[in-house]
Amino acid sequence: MTNEMNSPLSVRGLCKNYPEFQLKDLSFTLEAGKITGFIGRNGAGKTTTINSVLSLIHPDAGEVRFGGLLREEHTREIMEKIGFVSAGMTYYTRKKLKIITGITKTFFPGWDDAVYRKYLESFGLSEDKTPAELSNGMKIKYALTLALSHGADLFILDEPTSGLDPISREELVEVFLRLRDLGKTVFFSTHITSDLEKCADRILFLQKGQLKADDSLSAFQAAYRILECSGSVPQEVEKAAKGICRIRDGYTVLLSKEDADPRQTREATLEEIMVHLEKEGETC
Amino acid sequence: MLKLLKKEFTLCMHPTGYIMLLGALLVLIPGYPYPVSCFYMGLAIYFICLTARENHDASYTLTLPVSREDAVRARIRMACCLEAALLVLIGLMILLKQAIGNTPNPAGLDAGVALIGDCCITFAIFNMVFFPGYYRDINKPGKAFFLASVAVFAWVALVVVATYTIPFFRDVLDQPDPAFMSDKLLFTLGGLVLFVAGTALAENRSARRFAQVDLSL
């Protein structure tokens, strides 16, 4: 088990209060060389968490360590080892990639031009293009190329697959798996849970600013079962339900493994777990 | 810092930063409040900040291994480079004007040594008002620029009035060179000191303010 001091990223007691939203006492520790999926609906606090982790916003409480180093005391060393990629990567849209790269590489002592060329070719990127001329998927690949070329060990990805077509998403998932094969740690926020089912080792589930689950993907999925009910939901099932959703011919009910009859229920997908848990407490 | 400065000039520079250097040519106009060319450079600096906002420059910069403080200092020092370049060009235009025949300026100080000091003070005022205001919220540079413009034009107007009403301005600074050269040099040196000290103060205040700001990517 990874401890806080040698974890690529360890967060303890993170709090951020906004008038309309609170991030509440968030704690987690990433495992090195694994892909951790950070899920939750829009507005659950995923981006607030990432912004706090990167010190773009100031948490009201909590501690963030990268490899045991406190973020605010070791900005330079830490940022040299982080690759941050956001779906909203829209900087310098009219500058050629070679100009952006030419500036970026001067900040990283570990920059490797051979690696940069390799990924540029592998991703089919032309340095003479500008970000404005790239598709969303290609923008993310360019950001990943920069991160890979400066020797990042930890990749923090904020909704990287949002807005991409299924094929581009599949390509990116393959890239994340390649990163894991290289021993890199990937922290990947998304609300597109099917992408995580293909690549994540662990899941952090955030709901209304609170961490509801921190487990391996398999254990998280195994903890729940889905019961499909045509017509109404029996009262005893409704009492045990972790969430109920309306479907075309009736309802689907999320049950904890202990409350479910394996013969009458089936495995739950990550999306079903997330959607049903969001409806916990609501009656049908 | 040099890397950040290079980044500022390569990625954040707006063409008006260079175009407004032509404002030095205004010194060749017979009657004109010459420090207005400093305002035009301030306008270019405002455009640079606007362009930086549109290009999500802060998001990019803060994912580099640099501190917020250094990011602020780099932007202000880039502005100072442009301001210093304009001061040098204004100096050259003053020399040119004196060579081809200087005429008294009814709208402020004549084109002479004291004008350099006047321009230094104009830039000091702009930097002290604009940058701390801008770094309070980098997404709203307009308010900071408005306040800086008001302060700059108040100073320009004050100097114009002073050349008619205040003896030191009227009878010493606004006299053709080389008369009262030691007083003019002292005034210009004072302006230069104010420019350097005021900008350093603006840097510190801006860095402190930016350190407190919440950003989002």
Side-chain angles (χ1 to χ4, degrees), chain A residues 16-18 47-48 50-60 71-96 98-111 130-132 143 146-147 150-152 156-159 189, chain B residues 1-19 47-75 77-78 81 135-141 206-217:
Chain A
K16 179 70 182 173
N17 295 310
Y18 291 110
T47 299
T48 302
I50 288 175
N51 286 343
S52 299
V53 160
L54 293 171
S55 287
L56 295 168
I57 61 175
H58 300 84
D60 296 316
R71 169 72 173 88
E72 54 270 26
E73 290 174 8
H74 299 88
T75 305
R76 233 168 270 254
E77 301 99 295
I78 289 168
M79 293 312 285
E80 279 173 11
K81 291 294 173 191
I82 292 179
F84 174 73
V85 179
S86 158
M89 198 213 86
T90 48
Y91 44 75
Y92 315 122
T93 52
R94 304 286 166 194
K95 298 282 182 192
K96 286 186 177 175
K98 63 182 167 193
I99 293 173
I100 299 173
T101 302
I103 291 297
T104 305
K105 69 186 200 181
T106 61
F107 289 92
F108 294 97
W111 182 269
T130 64
L146 291 180
H150 74 64
I156 298 177
L157 312 159
D158 188 16
E159 312 254 4
S189 94
Chain B
M1 181 52 68
L2 281 176
K3 290 175 198 168
L4 273 170
L5 260 180
K6 188 179 172 195
K7 180 227 125 200
E8 290 292 321
F9 276 100
T10 310
L11 297 178
C12 303
M13 175 57 86
H14 189 274
T16 52
Y18 297 122
I19 292 166
F47 286 151
I48 289 167
C49 293
L50 271 182
T51 309
R53 180 187 70 180
E54 298 312 309
N55 281 311
H56 301 100
D57 171 69
S59 308
Y60 167 80
T61 307
L62 295 181
T63 53
L64 296 173
V66 298
S67 65
R68 283 190 182 213
E69 185 181 327
D70 284 346
V72 169
R73 292 191 192 284
R75 171 65 49 78
R77 285 175 196 184
M78 175 182 70
C81 288
Y135 280 107
R136 194 192 293 272
D137 184 353
I138 57 168
N139 290 320
K140 293 178 181 169
S206 303
R208 276 202 305 275
R209 284 186 177 178
F210 193 50
Q212 306 303 318
V213 171
D214 279 351
L215 298 166
S216 59
L217 293 178

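Letters go in sequence order (proteins before strands), and every chain restarts at 1.
Of the listed residues B:Leu11, B:Leu64, B:Thr51, B:Asp57, the one with more heavy-atom pairs under 4.5 angstrom with chain A than any other is B:Leu11.
Proximity to chain A is limited to the backbone of B:Ala211, based on heavy atoms less than 4.5 angstrom apart. For A:Ile100, the parts sitting under 4.5 Å from any heavy atom of chain B are the backbone and the side chain alike. With a 4.5 Å cut-off on non-hydrogen atoms, A:Lys16 touches chain B through its side chain but not through its backbone.
Between the side chains of A:Thr48 and A:Tyr18, no donor N or O sits under 3.5 Å from an acceptor N or O.
From B:Leu215, atom CG reaches atom NE2 of B:His56 across 11.5 Å, with rounding to the nearest 0.5 Å. Rounded to the nearest 0.5 Å, atoms CD (B:Gln212) and OH (B:Tyr135) are 15.5 Å apart.
Between B:Phe47 and B:His14, the ring planes lie tilted relative to each other; the angle falls in the 30° to 60° range.
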